[in-house]
Amino acid sequence: DRGNYRHFMSKEIHEQPEVVSHTLARYLDMSTGRVTLPEGFVEQLGRVQRLSIAACGTAYLAGLVGKYWMERYARLPVDVDIASEFRYREPILGPGGLSLFISQSGETADTLSSLRYCREAEQTVASIVNVEDSTIARESDLILPTLAGPEIGVASTKAFTCQLSVLAAITIAAGRVRGVLGEEDEAKLVRALIEVPRLMTQTLRLEEQIEGIARELSRAKDALYLGRGMNYPIALEGALKLKEISYIHAEGYAAGELKHGPIALVDENMPIVVIAPSDMMFEKTVSNMQEVAARGGRIVLLTDAEGAHATGEQPFARVILPRMYQFVQPLIYALPMQLLAYHAAVSIGTDVDQPRNLAKSVTVE
Ligand code: F6R
């Protein structure tokens, strides 16, 4: 039931504060400020040399955020692979290893084959799934459910942010057991996560402004999305969302990679969405942004009040998000990505919930 929403995608975007809150409540103990994950799993996170993650599409991009998080906050080396690549490159997996799969449906063929490959290699298999009675869930040693509820829109939205919520909890648990995060650090990161639903609600209030920008975007033939660090996968996700539902060609790039090729594409017809919250990466990203502005690119800057102040009054579209801990940025900056794609598609008139050529669950390889 779509309720009062025009599309399931819109309904699911707006459900995020609630379903993320449910998912977090499952993994965080609000009273003690600690993460609660199955003990054996946490113990293994402390013991392993590395973690390997495999998934497809948006779930893969969640895994990529997980890599940035776990390497930074838990000093746990992480390999992330697209599942269709993982299984054929025959990754070298030492005995006693740990692998993690991420899937909304729990039925994605390539993710499932990767999981079976890991089982054969005697890895412990954990999975983040939204459908608890799915094949991937059944074949895993341990499941970490996302409580997103059924996702009907083909383009994944709420499942993605719920996957990020679980990965954030894993990151904190890994940081603690690996001796990287002290009790204070853990409590601080947990508090930051608890703020996420409220920050999401605030961000969703920017929808009207984002809709106006999306109408502009919908006239473009191509678009670039730039981000750095843990927001680089969010740039990739923004481009993926736009492609799949509006059919506008879009590419996500690590902001620093721009000058190594893609900047050649930039002219006055090229919209460039820049994710640049005010953090350690801010100045670098802004200097990449100025490179494209100088070539006439039409910039859409996503930042916070401090970032907006630092870039001064410049003639580009600007969306000002609330301030937040760097740790939770990917969870919040994902929302304007979804809204930009959604409103661009609505404005073009494509079938938002059932884009051409796509299926909700990809059970063929
Ligand atoms: C993109 C999208 C797909 C899925 C991918 C994996 O919006 O929905 O890229 O993320 O097909 O699907 P699951 O998570 O079911 O394994």
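This one's a predicted model, so the numbers in the text were calculated from it and none came from an experiment. One is the number of the first residue; the rest follow in order along the sequence.
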Residue Asp267 excluded, over 12 heavy atoms near CG under 6.0 Å: yes
Exceeds 12 heavy-atom contacts within 6.0 angstrom, atom CD of Glu18: no
Side chains of [X] and [Y]: do they bring a donor and an acceptor to under 3.5 Å?
{"X": "Glu237", "Y": "Gln338", "result": "no"}
{"X": "Glu107", "Y": "Thr135", "result": "yes"}
{"X": "Thr157", "Y": "Gln16", "result": "no"}
{"X": "Glu12", "Y": "His7", "result": "no"}
{"X": "Asp79", "Y": "Ser52", "result": "no"}
{"X": "Ser84", "Y": "Glu365", "result": "no"}
{"X": "Arg295", "Y": "Gln290", "result": "no"}
{"X": "Lys241", "Y": "Ser156", "result": "no"}

Taking [X] for the side chain and [Y] for the main chain, is one N or O donor matched with an acceptor at less than 3.5 Å?
{"X": "Asp304", "Y": "Pro322", "value": "no"}
{"X": "Lys158", "Y": "Pro150", "value": "yes"}
{"X": "Ser347", "Y": "Ser218", "value": "no"}
{"X": "Asp353", "Y": "Met9", "value": "yes"}
{"X": "Thr311", "Y": "Gly307", "value": "yes"}
{"X": "Gln354", "Y": "Asp351", "value": "no"}
{"X": "Ser127", "Y": "Ala137", "value": "no"}
{"X": "Asn130", "Y": "Ser105", "value": "no"}

Chi angles and distances behind the side-chain contact (heavy atoms from CB on, under 4.5 Å) call for Val65, Leu167: CA-CA 8 Å; Val65 173; Leu167 288 161; 5.7 Å; no
Would you call [X] and [Y] a salt bridge, taking side-chain N to carboxylate O under 4.0 Å as the test?
{"X": "Arg323", "Y": "Glu306", "result": "yes"}
{"X": "Arg298", "Y": "Glu268", "result": "no"}
{"X": "Glu71", "Y": "Arg75", "result": "no"}
{"X": "Lys360", "Y": "Glu151", "result": "yes"}
{"X": "Arg87", "Y": "Asp110", "result": "yes"}
{"X": "Lys243", "Y": "Glu251", "result": "no"}
{"X": "Glu15", "Y": "Lys11", "result": "yes"}
{"X": "Arg89", "Y": "Asp81", "result": "yes"}
{"X": "Arg116", "Y": "Glu120", "result": "no"}
{"X": "Asp141", "Y": "Arg119", "result": "yes"}

Check against salt bridge (charged side-chain N to carboxylate O under 4.0 Å, His left out), Asp133 and Arg138: CA-CA 7 Å; Asp133 58 1; Arg138 276 198 308 274; over 6 Å; no
Worked check of salt bridge (charged side-chain N to carboxylate O under 4.0 Å, His left out) between Arg47 and Glu43: CA-CA 6 Å; Arg47 193 157 41 75; Glu43 185 263 325; 2.9 Å; yes
Verdict with reasoning, Tyr247 to Arg356, per side-chain contact (heavy atoms from CB on, under 4.5 Å): CA-CA 9 Å; Tyr247 316 146; Arg356 67 186 183 199; 3.5 Å; yes
Parallel, tilted or perpendicular: rings of Trp69 and Phe327 (30°, 60°): tilted
Single-linkage hydrophobic cluster, 4.5 Å side-chain cutoff, Ile170 and Phe160 together: yes
